[in-house]
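Heavy-atom basis, side chains included; hydrogens, waters and symmetry copies ignored. Every chain is numbered from 1 and lettered A, B, ... according to where its sequence line falls, protein lines coming before strand lines.
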Amino acid sequence: MYSFDFEKPSTVADAVAALGAEDAQALGGGQTLIPTLKQRLAAPSKLVSLSGIAEMQGVCVEDDGSLSIGGATTHATVAREAAATYPALAALAGQIGDPAVRNRGTIGGSVANNDPAACYPAGVLGSAATIVTNTRQIAADAFFEGMFTTALEEGEIITSIRFPVPQVASYQKFLQPASRFALVGVYLARFADGVRVTVTGASEDGVFRWSEAEEALNKEFRPDALMDLRINPANMIADLHGSKAYRAHLVSVMTKRAVEACM
Amino acid sequence: MKITMTVNGKAVSGDVEGRTLLSGFLREHLSLTGTHVGCDTAQCGACLVHVNGEAVKSCNMLAAEADGADVGTIEGQANADGSLNAIQQAFQDHHGLQCGFCTPGMVMSAAALLKENPRPTEAEIRKYLEGNLCRCTGYHNIVKAIMAASGQDVSSIAAE
């Protein structure tokens with residue numbers, strides 16, 4: 001790692017001020033950022049840890065029934081504390097990485113990084129969640145802009161994410177066992193006003209909604225409704241773990257499994 | 001910067017850089033070399049320690065982040081009289097190691113598991129160990145040792 005200064009503020013305001021320094025970077029749980037720094041793929045002047053900010057911790061149910069999760073909440077905490085209110089999201093959190101990674105990695109870190117194979121972006125977009133930052137609220141549909149790219153401005157911090165709780169939902173992850181990311185992951189959420197289907201791990205553009213599957217399932221919510229649907233492999237990721245065609249095929253299979261899990 | 005923490009029940013302090021990893025602080029500043037650095041990419045789990053009671057990969061956490069924390073390492077696992085604790089003894093009894101490189105992480109992971117789940121099934125143990133890699137044993141005897149350490153009968157599972 002290149003050398004950097006370290007700061008650990010205890011309020012969002014202090015963190016925002018610390019991030020004003022040139023080339024300063026926010027540090028969530030560091031489960032992606034620290035390996036990145038070790039590879040010398042980034043050279044921040046200062047890391048601003050968000051782990052000491054009490055107002056960014058924890059899971060709570062809002063008056064309107066939605067679930068609010070602090071940006072610095074670990075995956076292990078979400079897996080434990082969201083289980084009663086939003087079991088599919090808790091199950092997603094419980095499948096990230098491994099137990100030790102889940103004790104450090106945070107929801108805000110994962111969502112801000114927007115890794116094209118990360119689990120949380122699928123859950124956030126699939127739930128039509130709202131990303132709350134120190135300055136504004138951003139709808140998930142406007143947040144994820146492409147691989148490792150989001151609507152966040154320089155120095156903007158995800159303070160919490162608010163999830164409307166669907167009637168039923170399921171996350172189906174086809175594990176890439178070496179990285180423990182999703183080779184393909186599909187999140188399906190059924191709300192009173194319709195179904196949302198999101199896909200991670202598959203596209204060169206990062207997480208996306210599979211609108212054809214949503215339309216088909218809105219007409220008829222059963223696995224057979226997807227029978228004739230195929231997703232175009234042109235924009236799929238191809239690497240040594242799977243070709244474009246393989247990933248496109250997996251998207252169909254995992255979506256079908258998600259519907260089955262919701263029946 | 002100066003950091004202080006409790007390691008295996010003792011107050012310690014040291015002067016570290018922002019980029020100093022917890023694994024480096026334990027090994028190089030405190031000479032607690034039982035915590036092994038295997039992959040240095042947070043995959044193998046040989047560096048696993050407890051931070052405020054939770055399993056953490058110490059090669060993937062800055063030492064400065066553990067300022068003020070209660071840290072447990074393999075050196076703190078033995079009983080007060082120096083004899084092996086139940087998990088360590090079970091690893092010996094059931095041949096849960098060969099080269100031993102991954103063992104500190106395996107024991108610390110097992111301790112974290114048994115704290116939250118005192119009588120795990122074989123499947124639960126295998127699932128919990130997803131972040132701990134062993135290249136010698138094939139895991140069978142590690143799983144067996146952890147089941148034995150939790151007081152369960154292991155006569156019917158996994159070959160020696």
*Which bit of A:Arg102 is near chain B, if near means a heavy-atom gap under 4.5 Å: side chain, backbone, both or neither?*
neither
*asked:* Under 3.5 Å, is there a donor on one side chain and an acceptor on the other for A:Gln57 and A:Thr73?
replied: no
_Test side-chain contact (heavy atoms from CB on, under 4.5 Å) on A:Val207 and A:Val199; report intermediate values, then the result._
CA-CA 6 Å; A:Val207 68; A:Val199 181; over 6 Å; no
*Might you point out which heavy atoms bring A:Ser110 and A:Pro121 nearest each other, and give the distance in Å?*
OG-CD, 4.1 Å
_For A:Ala18 versus A:Val48, what's the shortest heavy-atom pair and its separation?_
CB-CG2, 3.8 Å
_Given 3.5 Å as the limit, does a donor-acceptor pair link the side chain of A:Thr106 with the main chain of A:Gly28, or not?_
no
*Top of A:Lys8, A:Arg104, A:Glu7, A:Gln39 for chain B proximity - count of heavy-atom pairs under 4.5 angstrom*: A:Arg104
_Test item: side-chain donor near acceptor, B:Asn85 and B:Gln89, under 3.5 Å_ = no
_Suppose a student defines contact as a heavy atom less than 4.5 Å from any heavy atom of chain A. Which residues in residues 48-68 of chain B would they list?_
B:Leu48, B:Glu54, B:Ala55, B:Val56, B:Lys57, B:Cys59, B:Asn60, B:Met61, B:Leu62, B:Ala64, B:Glu65
*Between A:Ser3, A:Pro35, A:Ser51, which has the largest tally of heavy atom pairs under 4.5 Å with chain B?*
A:Ser3
_Side-chain donor-acceptor contact under 3.5 Å, A:Asn103 with A:Thr74_ = no
_Flag for B:Thr73-B:Asn8: side-chain donor and acceptor within less than 3.5 Å_ = yes
_Under 4.5 Å from a heavy atom of chain B, the part of A:Ala178 involved_ = backbone
*Using the ring of A:Tyr2 (Phe, Tyr or Trp, six-membered ring only), decide whether A:Arg40 places NZ or CZ under 6.0 Å from its centre and within 45 degrees of its axis.*
yes
*asked:* Taking side chain as everything from C-beta outward and backbone as N, CA, C, O, which of these in B:Asp40 sits under 4.5 Å from a heavy atom of chain A? Side chain, backbone, both or neither.
replied: both
_Does any backbone or side-chain atom of B:Glu17 lie under 4.5 Å from a heavy atom of chain A? Answer side chain, backbone, both or neither._
side chain
